[in-house]
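Report on the structure given below.
Quick caveat, the model's predicted, so the values are computed rather than measured.
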Amino acid sequence: MAQKSAPTASQTSQYDQLLAASQVKNHQAIYTQQYHRVVGKDQSTQAVTMIVPNTTKNFNQSVTLLSSATGKAMRLPKTGVILTQKMATLLGAKKGATIYLKDANGNRQSFQVKGIAQMYMGHFIFMSKTAYQKLAGQTYHPNAQLVTLRDNSSSNVKKLASRFIQTGAVATTSLNLNNKELIGNIINGLNTVIAVLIGISTLLAIVVLYNLTNINVSERIRELSTIKVLGFFDQEVTMYIYRETIILTILGIFFGYFFGMWLHSFIMINLPPDNAMFDNTMHPANFVISTVIPALITLILAFVIHRKIKRVNMLDALQSVD
């Protein structure tokens, strides 16, 4: 987002040439203003950016507004505002509620929430031009441009942002890239922690299952020797002792689904800072991976225990005295 200053004709010409360049996919005049509100458990002051496009015709090419309830595209209402989801959660606001924000001068302004949109970084309120003029009681005058680039790589975005400022027609730029990098760093850190937890959990599952099964075999060695003498095959003897482990593994996976969904939701809601949110949707791959890992461990240990049972000396076991 490029915020305009008071440029000369030459500066405006350079700015317009940049906007007309092939690397700019879309640009749109908007009015933007900063508000703030004290929210959250730590009572932090959060900035809320109001964005009012000059026209809603191509606004969805710059900003995608999806309903937090249905996931469907939303249109800017003729009255009221669309509030982003994280701020709505912090304020406890729902559709139809009235929220209060303060501007840079400390003046209190009320807004009626007509919809709540998904937004994973930052706090925003979106208004139509008609809604703004009704609320403010004054003529609409855009003071910024929303610019979407064809090449949105980090280096290209920063290079063009610098060129916009060099024209002198732009006072400041606000890069969506900065928000993406911040939330990307948070996600990468979380992924590292999750990978470590999965590794530790896998090792723990191996140790626990092996020790429990090994103790079970050791304590029932005479029983196993007896059924082998009676004519049971090695596979049947293995299943005789390992069936309990398989049942416990299935129950563990089943109950792990419910605990995992609760833990995932708890982390996704409580870990992000007050100006960000994570998607806590569970995907089929999550359930597949959490099923495959313990099932694979159980299968591998089954072969290990099977080899141990095959090597049992039946006569020595039956002659042993407790």
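- Taking hydrophobic clusters as Ile, Leu, Val, Met, Phe, Trp and Tyr residues chained together by side-chain heavy-atom distances below 4.5 Å, I125 shares a cluster with L90.
- Every residue two or more places apart in sequence or in another chain that forms a side chain to side chain contact (heavy atoms under 4.5 Å, CB included) with V113 is listed here: L83, I99, I116.
- Residues Q138 and Y132 have side chains that bring a donor and an acceptor to within less than 3.5 angstrom of each other.
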(request) Go through the steps to decide whether T139 and Q133 satisfy the test side chain to side chain donor-acceptor pair (under 3.5 Å), and finish with yes or no. (result) CA-CA 6 Å; T139 306; Q133 291 183 140; 5.5 Å; no

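- Sorted by first and then second residue, the pairs that involve residues 67-77 and meet side-chain hydrogen bond (donor to acceptor under 3.5 Å, both in side chains), not counting sequence neighbours, are S67-T70.
- With rounding to the nearest 0.5 angstrom, the CG atom of L91 is 12.0 Å from the OG1 atom of T98.
- In this structure, the side chain of Q28 engages the main chain of T55 through a donor-acceptor pair within 3.5 Å.
- By the side chain to side chain contact (heavy atoms under 4.5 Å, CB included) test, V292 is found to be paired with V288, residues two or more places apart in sequence or in another chain being considered.
- N270 places a side-chain N or O within 3.5 Å of a backbone atom of F266 that can act as its donor or acceptor partner.
- Here the side chains of M277 and Q85 are in contact, with some heavy-atom distance below 4.5 Å.
- The shortest distance between side-chain heavy atoms of I30 and P142 does not fall below 4.5 Å.
- Q46 and S44 share a donor-acceptor pair across their side chains, judged by distance under 3.5 Å alone.
- At least one donor-acceptor pair closer than 3.5 Å links the side chain of N286 to the backbone N or O of H283.
- No donor-acceptor pair closer than 3.5 Å links the side chain of T56 to the backbone N or O of F59.
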(message) Would K86 and H123 count as a side-chain contact (heavy atoms from CB on, under 4.5 Å) here? Give the steps.
(response) CA-CA 7 Å; K86 182 68 175 189; H123 306 302; 3.6 Å; yes

(request) Start with the C-alpha distance between L204 and I206, add both sets of side-chain angles, then the distance that settles side-chain contact (heavy atoms from CB on, under 4.5 Å), and finish with yes or no. (result) CA-CA 5 Å; L204 181 62; I206 293 173; over 6 Å; no

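- Cluster annotation: I194 is connected to L263 through the hydrophobic network of ILVMFWY side chains, with a link wherever side-chain heavy atoms come within less than 4.5 Å.
- The number of heavy-atom neighbours closer than 6.0 Å to OH of Y140, taken from other residues, nucleotides and ligands shown, is above 12.
- Looking at M127 and V81, their side chains come closer than 4.5 Å, going by heavy atoms from C-beta outward.
- I297 has its side chain within reach of T202: a pair of non-hydrogen atoms, C-beta onward, lies under 4.5 Å apart.
- A donor-acceptor contact under 3.5 angstrom links the side chains of T298 and T249, judged on distance only.
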(message) Apply side-chain contact (heavy atoms from CB on, under 4.5 Å) to residues H36 and L101 and explain how you reach the verdict.
(response) CA-CA 6 Å; H36 64 271; L101 304 174; over 6 Å; no

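- Proximity of a side-chain donor or acceptor of N143 to a complementary backbone N or O of T32 within less than 3.5 Å is detected.
- Atom NZ of K102 sits in a sparse spot, with 12 or fewer heavy atoms from other residues, nucleotides or ligands closer than 6.0 Å.
- Each of F111, F124, Y100 was checked for a ring pair (Phe, Tyr, Trp, His ring centres under 6.0 Å) with Y35, and the lone residue meeting it is F111.
- Cluster partners of I253 are I247, L251, F254, F255, Y257, F258, M261, M282, F287, counting Ile, Leu, Val, Met, Phe, Trp and Tyr whose side-chain heavy atoms approach within less than 4.5 Å, directly or via other members.
- Taking CD1 of I82 as the start and CE of M74 as the end, the distance is 4.0 Å to the nearest 0.5 Å.
- Under the side chain to side chain contact (heavy atoms under 4.5 Å, CB included) criterion, L197 pairs with V193, sequence neighbours left out.
- Residue pairs meeting the salt bridge (charged side-chain N to carboxylate O under 4.0 Å, His left out) criterion with at least one member in residues 243-253, sequence neighbours excluded: R220-E244.
- No donor-acceptor pair under 3.5 Å is formed between the side chain of N105 and the backbone N or O of N107.
- Using a 4.5 Å heavy-atom cutoff, the side chains of D103 and Q33 are in contact.
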